[in-house]
Trainee: 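Input: one structure, supplied below.
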Amino acid sequence: MHTYQPESIESKWQKYWLEKKTFKTPTDTSKPKYYVLDMFPYPSGAGLHVGHPEGYTATDIVARFKRMNGFNVLHPIGWDAFGLPAEQYAVKTGTHPKITTEKNIERFREQLQAIGFSYDWDREVNTTDPNYFKWTQWIFLKLYEKGLAYEDEVAVNWCPELGTVLANEEVIDGKSEVGGFPVIRKPMRQWVLKITEYAEELLQDLEGLDWPESLKDMQRNWIGKSIGAEIDFQIQGFNEKLRVFTTRPDTLFGATYMVLAPEHHLVDQITTPDQKQAVAEYKEAAALKSDLDRQELTKEKTGVFTGAFAINPANGKEIPIWIADYVLVSYGTGAIMAVPGQDERDWEFAEEFDLPIVRTVQPPGNFEGKAYIGEGVAINSEFLNGLKIKEAKEKIITWLEEKETGKKAINYKLRDWLFSRQRYWGEPFPIIHVDGESKAVSYDELPLELPEVDKYQPTGDGEPPLANATEWVNTTDPETGKPAKRETNTMPQWAGSCWYYLRYISPEFDGGPVDPDYEKYWMPVDLYVGGAEHAVLHLLYARFWHKVLYDIGVVSTKEPFQKLVNQGMILGEMEFTGFKQKGEWISSTSADENSEQVKLSDEEVEKKGDGFVLKGTDIRVDARAHKMSKSRGNVINPDSVIEQYGADSLRLYEMFMGPLEQVKPWSTKGVEGVNRFLNRAWRLIIDEETGELRSELSEVSPSKKQLKSLHEAIKKVTEDIEELRFNTAISALMIFVNEANQWKEIPHSVAKEFVLILSPFAPHIAEELWAKLGNEQTLAYEDWPLYNEEYLKADSILYPVQVNGKVRANLEIPADKALDKEYVLKKAKEDTKVQNYLINSVIVKEVFVPQRIINIVVRPA
RNA sequence: GCCGCAGUGGUGGAAUUGGUAGACACGUUGGACUUAAAAUCCAAUUCGAAUAGUAUUCGAGUGCCGGUUCGAGUCCGGCCUGCGGUACCA
């Protein structure tokens, strides 16, 4: 038997590609280039899951397609291999993270190769390789030299469980993103990168990028630009001014009190003796609160009066200064002017503490709410009265600028990037501390490698694990000979992934992170595919580094990733869940956490109305696909899919499921479907008895009908790959095979072209069929078939005929008459079925859309 | 709360600038092949009704309500639901 046997042909071609280095990136730069990039994986111990191959297959299809279209293609892969899991494993077992990491990479590489991705394996990068992180450290030194990396004592997100500091972005609902452990605020000395310096550029340059609009919006929100004013309030009895930022300077006359963040630097100075104790207690309580606690208390406002007063510069009134934790020290100036009339938070606070409220914008007559934040004209505001918000803002800013007590200002929500972690398994900072000052290690000392340590835990007092390596830590400053201590923090995982796309361009280059000549050729990345979870973290950080590298002349483009696509998550199989309470079935709509969940088979349920119910009852059940997770036991392992159906079926199915960007449930039955298709494609060309070409295959020239089928497929597949619509491309291939299987005779030339357009999707079977068709070379660099419009033309056009918008007949019109309106309409009106609807009626209008449809509008006579 | 995206058969999904809703696939049902099963092949499959007999006709139908249009899954207005992001950002 010579049936389609993926296991043998797939390993055969994988070996061929590797040995022949089929996908080695060309080094000539004469042809047009295409750089297609995957977000490189963290090589976890669990191996690949089915989510990985989704994006990877999409980019692989594009890479193979572009090669066949005459492009030089750069399609690399690598490993984002620093990170917490390997380190936690080291803490538990004492195994060096390097060993764990190598083992995991080995496994990932094998798995990726078993799917037949056309990566250039000579360009693999690994963030933990000293030859790689040498340049991560190099870039850090450049940031340091430019003043973009600084040390600061900041209240950080300290996670005691993980023994490390987390970036704001790594804290979700007051818990660590990794592991879900509680996070508290703790002041520590930290390295910080001044990403805020690039806030405006990061915002502006989003415009030119071909990224999903939703993702650009997420970045815009994250950067959070707001335009307003800074206003100085004189503090009564002190030679100090209190500066606030506000987006509503027009409401200044309504500022009836002020609030400082508990951590504000002026708090202690201005607090009056009789308030000292209350303020101190409040400050202490606020400091102890974790972020989680702060969030849980959002409903109730708390605060303490400092005893001090400020002067409202608009009307000279004395207003009290409070402290409250609803004002954040890290945004704006850490202080606000409170305008309860126009701000809901201030209104709540004013109500709680009986502070005066003055409306300065006229609410509409029927307004019943509290604070009014809508449009309206200014009231109770002297010279602003009667002005609309926008005009009032302009006028008050001009007035403040004249009085030198305020000015127009812009603020960003974006904060500087907390760049150090108290971990072992990360890039060491190329920094030494001499006489309490930090100092850069010289470039020729790079890479600065990690020392060997006995234990990977942080020291008890929060000092990073590197502090244990005393020999490494204690060094001398080569310049002065003074004793020095090495920095013991390490860089976060984002560091290595901020620039890896550049290293692929010239992985061996040792004159800089990237060879400038090749950088100019390959950059920017033409297509970048990865998960949406990196929308604001990785993608913002990488853009920031790229802009710095641009400013120092290392790269030639302002943005790294021209086009970006997020693949949607793959969920587990659809599940039906019924609910029981006290042994009785209850409807899913009335179920709560205490209800018992029962997994049901498809036979036990049926569709009723717009949901599913227990068969023969009205009891609703839950019908949905869930995220794959170990605990739910619905994880699909790509290895077993390959084992059962082959890598080509896995690839094909992942692309056939639906649009790339969409979230979609896995279906094993669906894999069987595409596997059947591959079997049909195989049998179209191969005689299963002999294993040779079928006797139906011959050198005859194709018929008109055959050319039409083929060229329709070529057209659809070509256009769909360009637009990343792989699901419909595959459907076109299926339609072709279904048609071709009816043919008595199959022209050799048609079979060849079909195999070529199948090849980006299912490369193994395509290579095998290509070889069987008598070719000796891989098809990877064959010319992509072009479609010919001539062959697509039909002999006749089918016109649906509508009467009053309802289809009543279908007319077959010869192609040469199809554009003749008179003729087609005459035929339509002659049709017996149509005539039934024309009796006793007057034709009001005749609509003729060439090649499409006819609509005859009538009304009763 | 705010921002973004999405709601189409039993299921995943398809539908050029508004032009026959349901391509392709899964599932299901029936049939062929087989001692039998698997595999394969063929046919049917949005729902409802009618006629009638192996085909045809009519009506409804793309989350809900309304609008524009000869014609709306697609455009406009108002909702509902789900998903993702974000949250005292002054």
Side-chain angles (χ1 to χ4, degrees), chain A residues 3 172-173 212-218 220-222 224 226 228 244-248 251 259 294-295 297-299 301 324-328 330-339 342-346 348-349 411-415 532-533 535-536 566 568-569 573-574 602 605-607 610 612 623-625 653 656-659 661-674 676-677 679-680 683 688 725 727-735 738 741 798-810 833 836 844-849 851-858:
Chain A
T3 51
I172 313 272
D173 294 332
E213 202 50 42
S214 60
L215 196 146
K216 288 206 239 179
D217 252 342
M218 278 162 72
R220 283 188 200 111
N221 290 340
W222 195 265
S226 44
V244 301
F245 173 76
T246 177
T247 54
R248 295 294 304 275
T251 63
V259 186
R294 273 203 176 193
Q295 278 175 4
L297 292 171
T298 52
K299 276 148 216 151
K301 293 271 180 294
D325 64 3
Y326 83 93
V327 172
L328 308 173
S330 48
Y331 182 78
T333 61
I336 61 155
M337 61 179 214
V339 189
Q342 275 76 233
D343 186 286
E344 286 165 346
R345 297 153 300 182
D346 295 344
E348 275 179 42
F349 191 82
N411 234 296
Y412 300 91
K413 233 155 74 172
L414 184 71
R415 321 254 170 97
E533 66 273 22
V536 281
N566 291 128
M569 202 185 355
E573 296 242 9
M574 161 93 119
D602 341 357
V605 297
E606 65 182 345
K607 177 98 176 179
D610 49 351
F612 282 85
R624 55 193 281 202
Y653 176 63
F656 187 63
M657 291 171 87
E661 306 86 338
Q662 209 161 296
V663 177
K664 28 197 187 279
W666 184 267
S667 154
T668 299
K669 290 285 183 195
V671 189
E672 285 171 14
V674 296
R676 255 174 246 162
F677 159 70
N679 272 290
R680 281 201 298 276
R683 288 196 303 269
E688 293 194 312
R725 293 184 303 236
N727 53 332
T728 50
I730 292 166
S731 139
L733 291 167
M734 288 172 167
I735 292 170
N738 290 347
N741 264 322
L798 193 71
Y799 273 99
V801 184
Q802 298 182 329
V803 178
N804 287 347
K806 283 196 201 304
V807 180
R808 298 302 179 181
N810 283 295
K833 278 185 232 150
N836 289 338
V844 183
K845 190 171 181 177
E846 291 169 347
V847 180
F848 172 76
V849 185
Q851 316 262 30
R852 292 229 188 281
I853 207 165
I854 295 156
N855 191 6
I856 301 170
V857 186
V858 300

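Note that this is a predicted model, so its numbers are computed, not measured. Lettering of chains follows the sequences in order, A, B, ..., and the numbering in each one begins at 1.
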Trainee: Would you kindly compare D217(A) and S667(A) by the position of their nearest RNA chain B nucleotide and give the one closer to the 5′ end?
Mentor: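 Closer to the 5' end of RNA chain B: D217(A).
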Trainee: Answer whether the closest heavy-atom distance between the side chains of N741(A) and R680(A) falls below 4.5 Å.
Mentor: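 Side chain of N741(A) against side chain of R680(A), heavy atoms only: contact under 4.5 Å found.
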Trainee: Give a yes or no on whether the backbone of P659(A) and the side-chain of K664(A) come within a donor-acceptor separation of less than 3.5 Å.
Mentor: yes
Trainee: Counting the atoms with a prime plus P, OP1 and OP2 as sugar-phosphate, which does N738(A) contact under 4.0 Å by heavy atoms, base, sugar-phosphate, or nothing?
Mentor: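 N738(A): backbone/sugar contact only, no base atoms under 4.0 Å.
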Trainee: Drop me the distance from F848(A)'s CZ to I856(A)'s CD1, to the nearest 0.5 angstrom.
Mentor: 12.0 Å
Trainee: With the side chain of M734(A) defined as its heavy atoms from C-beta on, choose the nearest nucleotide among U11(B), A25(B), C3(B).
Mentor: A25(B)
Trainee: Using side-chain contact (heavy atoms from CB on, under 4.5 Å), reason through E846(A) and I854(A) one step at a time and then give a plain yes or no.
Mentor: CA-CA 7 Å; E846(A) 291 169 347; I854(A) 295 156; over 6 Å; no
Trainee: Please classify the nucleic acid contact of E344(A) as base, sugar-phosphate, or nothing, using heavy-atom distances under 4.0 Å.
Mentor: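 Result for E344(A) = nothing.
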Trainee: Please give, in whole Å, the distance from G84(B) P to M569(A) CE?
Mentor: 7 Å
Trainee: Which nucleotide, U11(B), C88(B), C24(B), lies nearest any side-chain atom of I735(A)?
Mentor: C24(B)
Trainee: Distance between the P atoms of A90(B) and G85(B), in whole angstroms?
Mentor: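 About 22 Å, rounded to a whole number of Å.
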Trainee: Provide the closest heavy-atom pair for Y653(A) versus S667(A) in the form atom of the first, atom of the second, distance.
Mentor: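 Where Y653(A) meets S667(A) most closely, the heavy atoms are OH-N, 3.1 Å.
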Trainee: Between C5(B) and C75(B), how far apart are the two P atoms, rounded to whole Å?
Mentor: 12 Å
Trainee: Can you name the side chain to side chain donor-acceptor pair (under 3.5 Å) partners of T247(A), sequence neighbours left out?
Mentor: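 Once residues adjacent in sequence are excluded, T247(A) has no partner under the side chain to side chain donor-acceptor pair (under 3.5 Å) criterion.
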Trainee: Spell out yes or no: do the side chain of R808(A) and the base of U57(B) have one donor N/O and one acceptor N/O closer than 3.5 Å?
Mentor: no
Trainee: With the side chain of Q802(A) defined as its heavy atoms from C-beta on, choose the nearest nucleotide among C24(B), G19(B), U40(B).
Mentor: G19(B)
Trainee: Out of C24(B), A14(B), G27(B), which has the shortest distance to the side chain of R676(A)?
Mentor: G27(B)
Trainee: Contact class for S330(A) (heavy atom, under 4.0 Å): base, sugar-phosphate, or nothing?
Mentor: nothing
Trainee: For a quick check of understanding: with a heavy-atom distance under 4.0 Å over all strands, which category does P659(A) fall into, base, sugar-phosphate or nothing?
Mentor: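 Result for P659(A) = sugar-phosphate.
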Trainee: Using modelled atom types only, decide if a donor and an acceptor are shared between the side chain of E573(A) and the backbone of T668(A) within a distance under 3.5 Å.
Mentor: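 At least one qualifying donor-acceptor pair exists.
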Trainee: Would you mind classifying the nucleic acid contact of L798(A) as base, sugar-phosphate or nothing, using non-hydrogen atoms under 4.0 angstrom?
Mentor: base
Trainee: Distance check needed: C83(B) P versus L215(A) CG, whole Å only.
Mentor: 21 Å
Trainee: Assign each of I730(A) and M218(A) to its nearest nucleotide of RNA chain B by heavy atoms, then name whichever residue's nucleotide is nearer the 5' end.
Mentor: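 Looking at the nearest nucleotide for each, I730(A) comes out on the 5' side.
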Trainee: Atom CZ of F656(A) and atom C1' of U11(B): how far apart are they, to the nearest Å?
Mentor: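 It works out to 13 Å between those atoms.
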Trainee: What nucleotide, of G4(B), G10(B), U20(B), holds the atom closest to the side chain of S214(A)?
Mentor: G4(B)
Trainee: Among the candidates U40(B), U86(B), A14(B), find the nucleotide nearest to the side-chain atoms of R683(A).
Mentor: U40(B)
Trainee: Please state the C1' separation for the pair U86(B) and G13(B) - nearest whole angstrom.
Mentor: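 Rounded to whole Å, the distance is 31 Å.
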Trainee: So what does V663(A) touch, heavy atoms closer than 4.0 Å: a base, only the sugar-phosphate, or nothing?
Mentor: sugar-phosphate
Trainee: Please work out if S731(A) contacts a base, only the sugar-phosphate, or nothing of the nucleic acid, heavy-atom cut-off 4.0 Å.
Mentor: base
Trainee: If I pick the C1' atom on U81(B) and the same atom on U62(B), what distance separates them, to the nearest angstrom?
Mentor: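 Their C1' atoms lie roughly 16 Å apart.
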Trainee: Using the P atom in both, what is the distance from A6(B) to U17(B), to the nearest Å?
Mentor: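 Comparing P positions in A6(B) and U17(B) gives a spacing of 16 Å.
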Trainee: State, with a plain yes or no, whether a side-chain heavy atom of M337(A) is found less than 4.5 Å away from one of T251(A).
Mentor: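 Heavy-atom side-chain distance check passes, below 4.5 Å.
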Trainee: For the pair made of CH2 in W666(A) and C1' in G13(B), what is the distance, rounded to whole Å?
Mentor: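 Taking CH2 of W666(A) and C1' of G13(B), I get 16 Å after rounding.
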Trainee: Side chain of K669(A): nearest nucleotide among G13(B), A90(B), G27(B)?
Mentor: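 For K669(A), the side-chain atoms sit closest to G27(B).
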Trainee: Give one of base, sugar-phosphate or nothing for K216(A), where a contact means two heavy atoms less than 4.0 Å apart.
Mentor: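 No contact.
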Trainee: For G61(B), does the O4'-C1'-N9-C4 or O4'-C1'-N1-C2 angle fall within 90° of 0, making it syn, or is it anti?
Mentor: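 G61(B): anti glycosidic orientation.
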Trainee: Report which part of the nucleic acid F612(A) touches: base, sugar-phosphate, or nothing (heavy-atom distance under 4.0 Å, all strands).
Mentor: sugar-phosphate
Trainee: Hey, are the side chains of Y326(A) and D346(A) touching, using non-hydrogen atoms and a 4.5 Å cut-off?
Mentor: yes
Trainee: When the P atoms of A44(B) and A23(B) are considered, how many whole Å apart are they?
Mentor: 12 Å
Trainee: Rounded to the nearest 0.5 Å, what separates atom CD in Q802(A) from atom CZ in R808(A)?
Mentor: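 Reported to 0.5 Å precision, the distance equals 10.0 Å.
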Trainee: Tell me what G332(A) touches on the nucleic acid: a base, only sugar-phosphate, or nothing, going by heavy atoms under 4.0 Å.
Mentor: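 If one applies the 4.0 Å heavy-atom cut-off, G332(A) turns out to touch nothing in the nucleic acid.
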Trainee: What is the distance, to the nearest angstrom, from the CD atom on E672(A) to the C1' atom on U11(B)?
Mentor: 15 Å
Trainee: What is the distance, to the nearest angstrom, from the CG atom on N566(A) to the P atom on A6(B)?
Mentor: 14 Å
Trainee: Over 60° means perpendicular and under 30° means parallel, so tell me whether F245(A) and Y331(A) are parallel, tilted or perpendicular.
Mentor: perpendicular
Trainee: Which protein N or O atoms sit under 3.5 Å from an N or O of nucleotides 60-64 of chain B?
Mentor:
| from | atom 1 | to | atom 2 | distance (Å) |
| --- | --- | --- | --- | --- |
| A60(B) | OP2 | K806(A) | NZ | 3.2 |

Trainee: Requiring both pairing distances under 3.5 angstrom, list the stems that contain RNA chain B and are made of three or more consecutive Watson-Crick or G-U pairs.
Mentor: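 For RNA chain B the paired stretches long enough to count as stems (3 pairs minimum) are B:1-7 with B:80-86, B:10-12 with B:24-26, B:27-32 with B:40-45, B:46-50 with B:56-60, B:63-67 with B:75-79.
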Trainee: Which part of the nucleic acid does N855(A) contact within heavy-atom distance under 4.0 Å: base, sugar-phosphate only, or nothing?
Mentor: base
Trainee: For N727(A) and G22(B), give me the distance from atom CG to atom P, rounded to whole Å.
Mentor: 18 Å
Trainee: Taking all atoms of both residues into account, what is the closest heavy-atom pair of F677(A) and L733(A), and its distance?
Mentor: CE1-O, 3.7 Å
Trainee: At what distance, to the nearest 0.5 angstrom, does CE of M734(A) lie from CZ of R676(A)?
Mentor: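 The CE atom of M734(A) sits 10.0 Å away from the CZ atom of R676(A).
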Trainee: Kindly say whether Q851(A) contributes a backbone atom to a donor-acceptor pair with the side chain of Y799(A) at under 3.5 angstrom?
Mentor: yes
Trainee: Can you figure out which of G19(B), C24(B), G10(B) approaches the side chain of I853(A) most closely?
Mentor: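 When the side chain of I853(A) is considered, G19(B) is the closest of G19(B), C24(B), G10(B).
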Trainee: From C-beta outward on F245(A), which listed nucleotide comes closest to its side chain: C88(B), C83(B), A90(B)?
Mentor: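 Closest nucleotide to the F245(A) side chain: A90(B).
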Trainee: Looking at the side chain of L328(A), which of G19(B), U20(B), A90(B) is the nearest nucleotide?
Mentor: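 Given the options G19(B), U20(B), A90(B), the side chain of L328(A) is closest to A90(B).
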Trainee: Please measure how far the P atom in U20(B) lies from the corresponding atom in G73(B), and state the result in whole Å.
Mentor: 10 Å
Trainee: Taking atom C1' in both G71(B) and A39(B), what distance in whole Å separates the two?
Mentor: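 After rounding to an integer number of Å, I get 48 Å for this pair.
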Trainee: Taking atom C1' of G82(B) as reference, at what distance in whole Å does atom CD of Q662(A) sit?
Mentor: 13 Å
